[in-house]
Amino acid sequence: MTLRARLHRQLHIGSWPNGKLTGLNVFVVWVILAALLVGIVATEPAIRLPYQDEILIAEFIFGLVFLLEYAGRIFAAPEREGPGSPWQKRWRFIFSPIGLIDLVVVVVSLAPFFVANAAVLRVIRLLRIVSIMKFSRFSAAMREIGAALRERSYDLLVCATLALVLVLLGAAGLYWVEGDLQPKQFGSIPRALWWAVITLTTVGYGDAYPVTALGRLIGPAVAIGGVLLVALPTGIVAAAFSDAMQRRREAMARALEEMEGAGLE
């Protein structure tokens with residue numbers, strides 16, 4: 001097997017027949033996580049200022065690794081099946097979604113040397129992990145979960161509609177009861193919506209709250225309704241996940257039985 005074919009196996013196919021990531025892609029995932037950790041820590045002035053040179057060296061090494069990986073993908077692209085000359089296949093990879101993600105990651109990795117305060121851009125490296133996981137068993141599992149969620153989309157839509165109705169009723173109620181007393185917080189339904197959403201999600205920042213007896217009855221009603229509505233989609237998603245995993249186990253069992261049957265024949 002040529003070097004280009006090995007790189008194609010490691011980078012473009014990305015996983016072995018059993019669905020596990022290749023060694024090179026596992027290494028890239030760890031480099032991405034390390035680069036992300038360094039980028040996060042570097043936003044703390046107490047760490048960034050004393051270790052500025054070390055952080056820049058680490059960023060340079062990460063950028064070099066991503067650049068070499070990107071170059072390796074371009075080099076190995078002609079090994080992909082399909083029509084076209086080697087350079088046509090390379091250009092096809094460069095302008096593909098995964099190729100564009102790779103290019104963005106390389107640019108972001110080198111950004112600290114040209115752009116001040118590029119910490120936020122470093123988070124984009126997470127997209128690279130998503131593109132790598134596309135090659136592994138993670139992708140098949142996500143397809144199963146996505147299919148299960150699509151089957152429960154009507155149930156989730158009903159929950160979202162109930163939440164919207166509860167939010168609007170709570171906002172309208174506080175506007176009617178306390179709009180004159182607290183015009184800054186509840187002087188209009190759009191203003192009261194902030195309180196209703198925060199209360200429904202049980203966050204409760206405390207920057208807006210009812211002061212009348214009737215308002216304090218509406219507040220707990222919205223809060224309790226929020227707790228109940230959060231439980232509903234959680235159960236729906238959990239059931240969808242369970243169904244997806246059950247179908248996956250059944251499919252794997254059938255495939256194993258077929259392989260055993262073919263071996264007996």
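Heavy atoms only: backbone and side chains are in, while hydrogens, waters and symmetry mates are out.
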### Straight-line distance of Ile55 CD1 to Phe62 CZ, nearest 0.5 Å
10.5 Å

### Summary
Contacts of Thr212 meeting side chain to side chain donor-acceptor pair (under 3.5 Å) (sequence neighbours excluded), chain-then-number -> Glu178

### Query
Got a second to check how far Leu168's CG is from Ile189's CD1, nearest 0.5 Å?
8.0 Å

### Task
Would you please name every residue forming a side chain to side chain contact (heavy atoms under 4.5 Å, CB included) with Gln185, sequence neighbours left out?
Gln182, Ala208

### Message
If you define the side chain from C-beta out and look only at heavy atoms, does anything of Leu181 sit under 4.5 Å from Phe186?
### Response
no

### ILVMFWY clustering at 4.5 Å (side-chain atoms), partners of Leu169
Val165

### Smallest separation among heavy atoms of Gly226 and Leu166, with atom names
N-CD2, 4.0 Å

### Message
Side chains of Ile218 and Pro210, heavy atoms from C-beta outward: is any pair under 4.5 Å?
### Response
no

#### Entry: Contacts of type salt bridge (charged side-chain N to carboxylate O under 4.0 Å, His left out), residue Arg216, not counting sequence neighbours
none

### Task
Can you see which heavy atom on Arg191 is nearest to which on Lys184, and at what distance?
CD-O, 3.5 Å

### Task
Return the minimal non-hydrogen interatomic distance between Pro50 and Pro45, and the atom names on each side.
CD-O, 3.9 Å

### Task
Could you tell me the separation between the CZ atom of Arg73 and the CG atom of Leu68, rounded to the nearest 0.5 Å?
13.0 Å

### Task
Please write out which residues are connected to Leu228 in a hydrophobic cluster, directly or through intermediates, given that two of Ile, Leu, Val, Met, Phe, Trp, Tyr count as joined at side-chain heavy-atom separations below 4.5 angstrom.
Ile224

### Task
Keeping the roles fixed (side chain from Thr161, backbone from Leu157), state whether a donor-acceptor pair exists under 3.5 Å.
yes

#### Entry: Single hit among Leu156, Asp155, Val158 for side chain to side chain contact (heavy atoms under 4.5 Å, CB included) with Pro233
Leu156

### Cys159 SG to Leu164 CG distance, which is reported to the nearest 0.5 Å
13.0 Å

### Query
Under 4.5 Å between any side-chain heavy atoms of Val222 and Trp195, yes or no?
yes

### Message
Could you see if Val41 belongs to whatever hydrophobic cluster contains Leu49? Use Ile, Leu, Val, Met, Phe, Trp, Tyr and a side-chain cutoff under 4.5 Å.
### Response
no

### Query
So do Trp194 and Thr199 actually touch side chain to side chain, heavy atoms under 4.5 Å?
no

### Query
Transitively linked via ILVMFWY side-chain contacts under 4.5 Å: Ile32 with Leu100?
no

#### Entry: OH (Tyr70) with more than 12 external heavy atoms under 6.0 Å
yes

Sequence neighbours excluded and cut-off under 3.5 Å, please list the side-chain donor-acceptor pairs for residues 88-95, or say none.
residue, atom, partner, partner atom, Å
Gln88, OE1, Ser85, N, 2.8
Lys89, NZ, Pro78, O, 3.3
Lys89, NZ, Arg80, O, 2.6
Lys89, NZ, Gly82, O, 3.2
Arg90, NE, Ile74, O, 3.0
Arg90, NH2, Phe75, O, 3.3
Arg92, NH1, Pro83, O, 3.3
Arg92, NH2, Pro83, O, 3.3

### Query
Nearest 0.5 Å, what's the CZ-CG distance between Phe60 and Leu64?
5.5 Å

### Query
Mind checking whether Leu162 and Val227 sit in one hydrophobic cluster, side chains of I, L, V, M, F, W, Y counted as touching below 4.5 Å?
no

### Query
Any idea which heavy atoms bring Gly215 and Val177 closest together, and the distance?
N-CG1, 3.9 Å

